[in-house]
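As the structure is a computational prediction, the values presented were derived from the model and not from experiment.
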There are 4 protein chains.
Amino acid sequence: MPSPNITPRGPERRRSQAANTEIGERFRAIRAATESLAAPLSTEDCALQSMPDASPVKWHLAHTSWFFETFVLAPHLHGYTAFDPAFRMLFNSYYNGVGDKHPRPERGLISRPSLSDVQSYRTHVDANVDRLFSESLPLPVAALIELGLQHEQQHQELILTDVKHLLSRNPLKPTYRSRWPLQQVKPQRVVWHAFAGGLATIGHRGTGFAFDNEGPAHEVFVARFDLASRPVTHGEFAAFIEDGGYQRPELWLSLGWEAVQARGWQAPLYWERREHGWQTFTLHGMADIDAHTPVCHVSFFEADAYARWAGGRLPTEFEWEFAVRDVALAGNFLESGALHPMPLVGEVPSQRPLQMFGDVWEWTRSDYAPYPGFRPTKGAVGEYNGKFMCSQYVLRGGSCATPAAHVRATYRNFFPPDARWQFSGLRLARNPQ
Amino acid sequence: MPSPNITPRGPERRRSQAANTEIGERFRAIRAATESLAAPLSTEDCALQSMPDASPVKWHLAHTSWFFETFVLAPHLHGYTAFDPAFRMLFNSYYNGVGDKHPRPERGLISRPSLSDVQSYRTHVDANVDRLFSESLPLPVAALIELGLQHEQQHQELILTDVKHLLSRNPLKPTYRSRWPLQQVKPQRVVWHAFAGGLATIGHRGTGFAFDNEGPAHEVFVARFDLASRPVTHGEFAAFIEDGGYQRPELWLSLGWEAVQARGWQAPLYWERREHGWQTFTLHGMADIDAHTPVCHVSFFEADAYARWAGGRLPTEFEWEFAVRDVALAGNFLESGALHPMPLVGEVPSQRPLQMFGDVWEWTRSDYAPYPGFRPTKGAVGEYNGKFMCSQYVLRGGSCATPAAHVRATYRNFFPPDARWQFSGLRLARNPQ
Amino acid sequence: MPSPNITPRGPERRRSQAANTEIGERFRAIRAATESLAAPLSTEDCALQSMPDASPVKWHLAHTSWFFETFVLAPHLHGYTAFDPAFRMLFNSYYNGVGDKHPRPERGLISRPSLSDVQSYRTHVDANVDRLFSESLPLPVAALIELGLQHEQQHQELILTDVKHLLSRNPLKPTYRSRWPLQQVKPQRVVWHAFAGGLATIGHRGTGFAFDNEGPAHEVFVARFDLASRPVTHGEFAAFIEDGGYQRPELWLSLGWEAVQARGWQAPLYWERREHGWQTFTLHGMADIDAHTPVCHVSFFEADAYARWAGGRLPTEFEWEFAVRDVALAGNFLESGALHPMPLVGEVPSQRPLQMFGDVWEWTRSDYAPYPGFRPTKGAVGEYNGKFMCSQYVLRGGSCATPAAHVRATYRNFFPPDARWQFSGLRLARNPQ
Amino acid sequence: MPSPNITPRGPERRRSQAANTEIGERFRAIRAATESLAAPLSTEDCALQSMPDASPVKWHLAHTSWFFETFVLAPHLHGYTAFDPAFRMLFNSYYNGVGDKHPRPERGLISRPSLSDVQSYRTHVDANVDRLFSESLPLPVAALIELGLQHEQQHQELILTDVKHLLSRNPLKPTYRSRWPLQQVKPQRVVWHAFAGGLATIGHRGTGFAFDNEGPAHEVFVARFDLASRPVTHGEFAAFIEDGGYQRPELWLSLGWEAVQARGWQAPLYWERREHGWQTFTLHGMADIDAHTPVCHVSFFEADAYARWAGGRLPTEFEWEFAVRDVALAGNFLESGALHPMPLVGEVPSQRPLQMFGDVWEWTRSDYAPYPGFRPTKGAVGEYNGKFMCSQYVLRGGSCATPAAHVRATYRNFFPPDARWQFSGLRLARNPQ
């Protein structure tokens, strides 16, 4: 279950007025950004749920507000009146400490409250949070607001991936936005970057925000390894398919092969074979795959099988974090408006691996496990920090649907090994020869 | 699969202009009635699908128009232009002869076309059918229009039962219409009517419309039997529950007992136990059960178990039709606006069984089988007349959600034995003592 | 669930000593016949369960003894000591009145008691029943013994069909008996027998044994009909397959077509396509199908689809019983040792339909429903006479695995419409032209 | 999927005649040990399969022979004649490189070959392997034989756990061996051992046999940690249950809580509540739990929930291997005949953790992943060395059903997080305070 970890970290003890103003501005900007993502969608687009893993956009709009209402306004704004007491249960995702919750697979059965009710709910919550900014903001409350904003950014990405899935199930193949971002992409060869490894500090340090699963920082011994200069492309993945990749059990993990057979996988999610070649469903409609952009919508199983076929392997999350240490945090994020992986920018060979951030989340070989010394925090906000740490694998680097300000070198995303509806791709690693 | 049988019957050979006018008026009235059923619903209410058996209201609005477009306009209106060619597949229910169809369980994944697009589709179809009425209407075309109207009436009932199911799944328990129709209902005792039986003609005769499954008329030998003067009530069914009805395997058919255990049935669909007694979800919201109105939302299994508990049995469809021969076609139908079973009207004892029509569909002991000599008709309209004749049981008499003009003494409704979301109840029969 | 109905019928009031002797001899003969069916099987053949519908042979051997112990010895033999009290639960099939029962799908998990323990159990039961014969046998006890013998004969057939299914799942395709019974079968054309119909008495009359579901005898009006002179053959069914029978939805009941798609049916159970043609698994191993013998191991769905393809229909059980009234009770039964449908014996045209008894059970179009006036009998023996009367269809006439003395013109066998592991075939009926 | 890794490791280059003799003796001893495990079982005990995860004992007897036939005799014994060519497919477990294989869930459908046939198969294989020992044994062949013996030892443990599961499903609760090993066990308190951690070499080194998943040896940085002196006991786990452990979602991983709810877990596998307290099914029949012996038959989910409840956590496999470095390889293994976890032997406090080997496999927090530099070996024997490295967790130390000579400090066992039928328990770790 891809779910945000929500405990604030970092040693902040005081907030200046400037900080107060800054977070107020960020609050308004991020809340508005969420709404702008829903703007191209119809009332019905926002109401439907295409599978248990996905949620209706209306639910995302409400749940992100519920978060502020439940963890910020109800306990910390004197005299706050809930918009609708029933929402406490209706828009709870998985916090048992908050009380009952509506079952996830039934989020698509809720025709009421309407989208316009939910928009009023957002307005109500925004107005009340705004009242908090007018006064001196206690540090723990500021931390909870920061957490709510990080949480909302995660749901911005989910709005895009969930609505992409919904639209893909419609035989009319409607578009979210009609602006195809690609033109004449040129091939870029892969080179291998060698890393010497050694004892390295992994995990979040410093005073900025991070989720609790990014810490504590700790020592990890990383052996020598090579890492590819860029992610695997659509064209390379098509070659794997042409070579019988989906028909050869020896390339797959045992559970992966079961998934291939049970679900009839023959290509990444959204790919459809046409006479002239592969097409894929995008937020801009059906489009020919572009051979030179990073492949996405592959599961961990497919990423692992591809790597085996290509003679490499997936990197561990420690190798990935080791390799990204001197890489600038820039790339094709949500704000570019492309909403699709883009061609490589930068000269090859470069001194460092390219496209580490943005475009596609990169599957690693690491299961999502607690770092040594990880301790769950108290209360419902942090109730279940570690409860998803089982049978999921870590992805790193953010995607073309991730807000730029949301990602870090230490950021750990995680999904079950069969999940495909995120913008998930891969980059090869190998053992030094 | 509750699905209309759609082959016209009857010896009509010519149509007068008056008949032309009459069917035109009926066309407009019935189409408008459908829309009036959707009027209290929001865009989101119309878009969602709560289970594979049910369909979104938007789909019902479109599919009934698709029927006229596909079987009337496309073949019979010269120069007709389809509203949208993609709708041919999108709103096909199960006619393989028409081509591909969108899978039933995925009707709730279609956010587009929007409800307003579908309303335009209806307008387009209506305007074009109207053009037909201005000219001399060939008899086969008139028969197809009649069929389309009967078909639309069936979907009117489904709109109500499907939206009831959808709203019931919402924890907020929203209402379709806020007007509770019941007041101080008085008990009415049951008496038994004795029928001598004998060789009887069963099935539709004469020139009026009937579905093909109502014919051919044929001889059936009916033995002597007794039939109860009214349906089983909510209060009687509550007594069955209190007596452990859902815990005693000896009362149930083997498959029924499996359903009780596998699905955790403890009462009819929509019932919820409160401290002060049972409530049930209605189209007017949650309400206390009224002990003296006919019980509804029971499966064939529950009806059969109740009958065994009560020392009776379900009537066969032949007994039911035998008993109703001299009963006037009147009762609590859709047009009453009650949308819920109502108390018995009429003196007991009367000469004939009461409440045979309207209020609740009455389960019979008869499986849905072809009458002797039944022959499927040709073409897609009648492509599958008999394909649902397996593992379903016949219900008779119409319900409070059925248009009054739609039912007949020979009308055969049918559902699988575990279906509960229709307004289905029962009336006891017994062998003479 | 194909389960014997076990209530004795008929007006027997007294038993002569001769009758006592006669039933003693029958008891020994039938019990020995059961054991002779198990004789070719290994301990392991007797222990395994190949699907929830089937039971291990060991279970059949024990359960038939349990029946005598529970319903005859425990209540009626003074001082009887149970062989093992645990068997009361372990070998109860579905009699809730007797107490707990071991779940049917777990019969194959019982390695102990061993086969040899079960054989001792049989000996113990036989010896004790034998003691009853030495004294004057009260009529109700004689009736229970008769019932136990009829019950045991039903399980003789199930031993064969269940072990056939088990052996078929073994890739080595082992044989039950290596004696292929067929040689150079000659084609026999079909002719149609016309029946005038009319008011007919259906169901068991007279003093002989019958199961309670065969009564009461009652009047049924049967319209004119034609019936084929012999069952559909393997060759005719192969022609249906060649003509795309399993690929054409218009030939199938809706539920049948779902079964075809969900289970990948492409031929009757046990058929395997070879380069030179079809083979089928038999109790004598894999064998080429013989075009001129009755097809078997088809479901109701396949029988119905074939009939539609062939321009006919399945007969009702009333038509079948009407047609068989003057037909002698003879045919290819268990005792022939063929254990496979055999070619037609007799001249065509004959005055009456041929092969009505034996060879294959013939699917009818009639659902398994209670006859008018059917009343469940009291006590655990008859606890659930009617509980299987739902969503099953009636088969008539017995098969090559049925003991000859077990079948009657009024005998009603029944299975769900998707069951295929019995020797089930079909005979065409049609409406007069 | 608990499946042996079968690639030989280690730098052996030559074999002396003494080594030849030694392996011949070991071969005979290990093969005989397998048969002695089957000796108390009836033919039927050996034929049945109680769930897809388990296999019939007969299958284990055959498959271990198949391994020698397929990988040793067929390629390396000149002129070898297969016992039965059909066995190549029938007793293949999961080696796609060998060809087709019989589906695992259908191993219980194979009544033939019989147990006595399989015993002949074993004799045939043994005699032929014996011929190899009379000649000079090439090193690679000796390595394959060694591998086959290690493989056979793994199946010895599975024979016991699989037959335990089978017998537990029989309501008669039969015993494998009637010799209850426990008497008056005294409580032993837990103490914590502090480990300083640091950079450590993990994985197999040296010349002895190891599976490929134990290598390559590599550096891991282990932080400071504490480890409990002994495993968690039955009594401690009972206290977790009494404290509502199975009713409190906050104690569980999200997937674990789903398993608790979906499967109705309320205690470890085999536990049954009696009036006087808990009983558990053992290979000696039902027995009261002994509070002071290690708990077993818990899943990873239960182990993790218990640890959270107890304020600790599971150790990583690296911590476990770090802690066991100076611990002697001794404990309660298969050879003790106890076949059940035994009380602690040794004084507390001791210098080192006790009961690290034997009694119960200890769940670790580590997912089963390839060690850095792990490379699959060539050919069918090593075809899929890593294919199970997904969604499984590592267990360490061996159990009371493991042959003593089979375990090592570096040995990695692995099972999915919901597996409970192995002798799996846990030991607590914690972060230093």
Minimum heavy-atom distance Arg365(A)-Met389(D), with the two atoms named: NH2-O, 2.7 Å
Which pair of heavy atoms, one from Phe221(D) and one from Leu199(A), lies closest together, and at what distance? CB-CD1, 3.6 Å
If we define contacts as heavy-atom pairs under 4.5 Å, which of Cys390(A), Pro372(A), Ser366(A) has the most with chain D? Cys390(A)
Rounded to the nearest 0.5 Å, what's the gap from CH2 on Trp257(D) to NZ on Lys387(A)? Could you check? 10.5 Å
Greater than 12 external heavy atoms within 6.0 Å of Gln261(D)'s CD: yes
Chain A heavy atoms under 4.5 Å from Tyr393(D): which part of the residue, side chain, backbone, both or neither? side chain
Please state whether the side chain, the backbone, both or neither of Phe225(A) comes within less than 4.5 Å of a heavy atom of chain D. neither
Rounded at 0.5 Å granularity, tell me how far CD in Gln392(A) sits from CG in Asp367(D). 12.5 Å
Inspect the surroundings of CZ in Arg263(A) and state if more than 12 heavy atoms from other residues, nucleotides or ligands are less than 6.0 Å away. yes
Quick one: which of Ala223(D), Ser391(D), Gly256(D) has the most heavy-atom pairs under 4.5 Å with chain A, could you say? Ser391(D)
